[in-house]
**Q** 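Just dropping this structure here.
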Amino acid sequence: MNQYYPAIFYPRLILKFIAENPTANFKQDFHRIDSNQTNLPNKETNDSNYVLNKIFYILIYINLFISICFYFFGLYPFWLIVAVWASINLGCSCFISNLHKQSSKKNIPSSIQLKTKKENKVVMRLPKREAKLNLWLNGKVLQPVGESDAQNGVSEKTFYQITKRIFPNIVQGVAFHNPKFPHPYSADFLIVHTSGLSIDIEIDEPYVGNTKAPHHCIDQGKDKIRNQFFNNNNWVVIRFSEKQAVKYPYSCCKLIAQVIARVSGDFTFLSQLNNVPSLPPEPMWTIKQAKKWAKDNYRKTYLQ
């Protein structure tokens with residue numbers, strides 16, 4: 001079992017799907033702008049720019065010649081001639097510049113313009129991949145039997161409120177029938193993606209609040225059996241420590257979004273969390289460590 005939180009456990013069926021259908025690189029393959037296409041040389045544009053530049057310089061020489069004639073014949077004072085000459089040339093410059101822009105835009109082939117717009121569009125989802133995953137998992141994912149009567153952890157309410165902003169279809173406190181145990185398994189949170197990808201999210205505290213009994217310890221073995229049960233029924237299991245869920249809830253959401261993107265190819269959730277830092281790892285604990293923390297009221301250091 002993984003010795004650090006967050007811990008992600010994939011079913012074999014999901015791992016096989018990923019291996020046979022590798023997810024494309026989001027940044028390189030879905031946010032690409034083909035600069036070679038937009039910067040193609042255009043002979044017609046270059047020729048028109050040459051003509052416009054020639055016209056511009058001819059107008060400057062004409063204005064300069066007229067201004068000198070007016071000055072030597074004493075028709076206008078020198079300062080007025082300079083002002084008029086500068087105004088005329090500024091107007092010519094603006095006019096020619098505008099013609100440059102119109103000519104360049106007009107001479108770019110429409111096929112290149114359309115391709116540029118299309119390539120600037122960020123592809124967030126892969127419908128074909130999602131449909132394939134849906135068929136891959138159809139009828140193979142265990143369904144819950146109803147709501148759980150297990151008591152919610154003290155940190156779960158706030159975590160649920162935050163995660164629901166990112167994942168609107170997240171549900172809390174759901175029960176699963178386990179034929180090997182008299183009581184059903186209770187899932188802290190579930191997310192079922194439209195592709196059929198099903199994720200069980202667990203928040204692990206080191207000890208029970210009222211009894212101080214060690215909980216979720218790596219040398220207890222209970223969580224390992226439970227993870228195997230969900231994996232065998234084609235659920236992805238993600239485990240966070242309670243401290244991670246309390247201190248870094250949005251980083252937890254980012255990791256969930258990364259799992260969804262990796263398996264289904266849906267980057268819509270991950271795109272909302274680009275600026276959120278990655279979740280800092282935290283070591284799992286043993287029974288001995290949990291007892292010491294219970295004695296020191298360790299949970300109060302982050303629950304406050």
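When reading the values below, keep in mind they use all heavy atoms of this one structure, side chains included, and skip hydrogens, waters and symmetry mates.
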**Q** Assess whether a salt bridge exists between Arg125 and Glu130, defined as any Lys/Arg side-chain N lying under 4.0 Å from an Asp/Glu carboxylate O.
**A** yes
**Q** How long is the straight-line distance from CD1 of Ile238 back to CG of Asn227, given to the nearest 0.5 Å?
**A** 11.5 Å
**Q** Between the side chain of Ser264 and the main-chain N/O of Ala261, is any donor-acceptor distance below 3.5 Å?
**A** no
**Q** Side-chain heavy atoms nearer than 4.5 Å, only ILVMFWY residues, links allowed to pass through others: does that put Val145 and Leu190 together?
**A** no
**Q** Evaluate the side-chain contact (heavy atoms from CB on, under 4.5 Å) criterion for residues Cys253 and Leu273: first the C-alpha distance (whole Å), next the side-chain angles of each, then the deciding distance (0.1 Å), finally the verdict.
**A** CA-CA 8 Å; Cys253 289; Leu273 303 163; 4.0 Å; yes
**Q** For Lys140, look at atom NZ and say whether over 12 heavy atoms of other residues, nucleotides or ligands are found less than 6.0 Å away.
**A** yes
**Q** Inspect the surroundings of CG in Asp296 and state if more than 12 heavy atoms from other residues, nucleotides or ligands are less than 6.0 Å away.
**A** yes
**Q** If you measure from NZ on Lys222 to NE2 on His215, what distance do you get to the nearest 0.5 Å?
**A** 8.0 Å
**Q** With a 3.5 Å distance limit and no angle check, can you tell me whether Gln220 reaches the backbone of Pro214 through a side-chain donor-acceptor pair?
**A** yes
**Q** Please check if Ile14 and Leu135 belong to a single hydrophobic cluster, counting links between Ile, Leu, Val, Met, Phe, Trp and Tyr side chain heavy atoms closer than 4.5 Å.
**A** no
**Q** Can you tell if the side chain of Asp204 reaches within under 4.5 Å of the side chain of Ser241, non-hydrogen atoms only?
**A** no
**Q** Just do the ring-ring contact (aromatic ring centres under 6.0 Å, His included) check on Phe167 and Phe189 with the steps written out, would you?
**A** CA-CA 11 Å; Phe167 311 102; Phe189 306 97; over 10 Å; no
**Q** Is there a donor-acceptor contact under 3.5 Å linking the side chains of Ser148 and Ser186?
**A** yes
**Q** Distance-only, no hydrogens or angles: does the Asn21 side chain make a donor-acceptor pair with backbone N or O of Arg129 under 3.5 Å?
**A** no
**Q** On a heavy-atom basis, which atom in Phe159 and which in Cys252 lie closest, and how many Å separate them?
**A** CE1-CB, 3.8 Å
**Q** Heavy atoms only: give me the nearest Tyr207-Ala290 pair and the separation to one decimal.
**A** CD2-O, 3.9 Å
**Q** Is there a continuous path of hydrophobic side-chain contacts, each under 4.5 Å between heavy atoms, that joins Ile18 to Trp136?
**A** yes
**Q** Using side-chain heavy atoms (C-beta onward) and a distance below 4.5 Å, is Tyr5 in contact with His216?
**A** yes
**Q** Under 3.5 Å, side chain of Asp188 to main-chain N/O of Ile203, donor-acceptor pair present?
**A** yes
**Q** Which is it for Arg299 and Glu205 under the salt bridge (Lys or Arg N to Asp or Glu O under 4.0 Å) test, yes or no, and what are the steps along the way?
**A** CA-CA 8 Å; Arg299 292 177 65 191; Glu205 60 274 6; 5.2 Å; no
**Q** Short question: side chain of Asn234, backbone of Pro11 - any donor-acceptor pair under 3.5 Å?
**A** no
**Q** Locate the shortest heavy-atom distance separating Gln272 from Ile166; write the atom from each residue and the value.
**A** OE1-CD1, 4.2 Å
**Q** Measure the SG-CG distance between Cys217 and Asp219 for me, rounded to the nearest 0.5 Å.
**A** 6.0 Å
**Q** Measure the spacing between CD1 of Ile191 and CD1 of Ile201 and express it to the nearest 0.5 Å.
**A** 3.5 Å
**Q** Is there a side-chain contact between Asn152 and Lys157, using heavy atoms and a 4.5 Å cut-off?
**A** no
**Q** Would you please test Asn134 and Thr194 for side-chain contact (heavy atoms from CB on, under 4.5 Å) and show each step?
**A** CA-CA 8 Å; Asn134 194 282; Thr194 53; over 6 Å; no
**Q** Are Tyr10 and Val263 close enough that some pair of their side-chain heavy atoms sits under 4.5 Å apart?
**A** yes
**Q** Have Lys212 and Asn297 got a donor and an acceptor in their side chains that come within less than 3.5 Å?
**A** yes
**Q** Do Val154 and Trp285 sit in one hydrophobic cluster, given that two such residues count as connected whenever their side-chain heavy atoms are within less than 4.5 Å of each other, even indirectly?
**A** yes
**Q** Less than 4.5 Å apart, any side-chain heavy atom of Ile8 and any of Leu255?
**A** yes
**Q** Measure across Val259 and Val236 and return the closest heavy-atom pair with its distance rounded to 0.1 Å.
**A** CG1-CG1, 4.2 Å
**Q** If I compare all heavy atoms of His177 with all of Phe229, which pair ends up nearest, and what's the gap?
**A** O-CZ, 3.5 Å
**Q** Phe181 and Phe230: same hydrophobic cluster, using ILVMFWY side-chain contacts below 4.5 Å?
**A** yes
**Q** For a 4.5 angstrom cut-off between non-hydrogen side-chain atoms, does Leu279 reach Gln258?
**A** no
**Q** Both conditions, 6.0 Å and 45 degrees, for the charged tip of Arg239 above the ring of Phe9: are they met here?
**A** no
**Q** Can you name the closest pair of heavy atoms from Leu142 and Trp235 and give their distance?
**A** O-NE1, 2.8 Å
**Q** Using the ring pair (Phe, Tyr, Trp, His ring centres under 6.0 Å) criterion, which residues pair with Phe240? Sequence neighbours excluded.
**A** none
**Q** Got a second to check how far Lys132's NZ is from Leu137's CG, nearest 0.5 Å?
**A** 12.5 Å
**Q** Let me see the working for Glu282 and Tyr248 under side-chain contact (heavy atoms from CB on, under 4.5 Å), right down to the final yes or no.
**A** CA-CA 12 Å; Glu282 183 182 359; Tyr248 314 104; over 6 Å; no
**Q** Is any side-chain heavy atom of Ile260 less than 4.5 Å from a side-chain heavy atom of Leu270?
**A** no
**Q** Any chance you could lay out the side-chain contact (heavy atoms from CB on, under 4.5 Å) test for Ser155 and Leu303, step after step, and finish with the verdict?
**A** CA-CA 7 Å; Ser155 59; Leu303 287 178; 4.3 Å; yes
**Q** Taking Pro283's backbone N and O only, do any of them form a donor-acceptor pair with Gln3's side chain (distance below 3.5 Å, no angle check)?
**A** no
**Q** Could you label the plane-to-plane angle of the Tyr302 and Tyr298 rings as parallel, tilted or perpendicular, counting under 30° as parallel and over 60° as perpendicular?
**A** perpendicular
**Q** Does Thr286 reach the side chain of Ile218, with side-chain heavy atoms less than 4.5 Å apart?
**A** yes
**Q** List in chain and number order the residues that pass salt bridge (charged side-chain N to carboxylate O under 4.0 Å, His left out) with Lys16, two or more places apart in sequence or in another chain; answer none if no residue qualifies.
**A** none
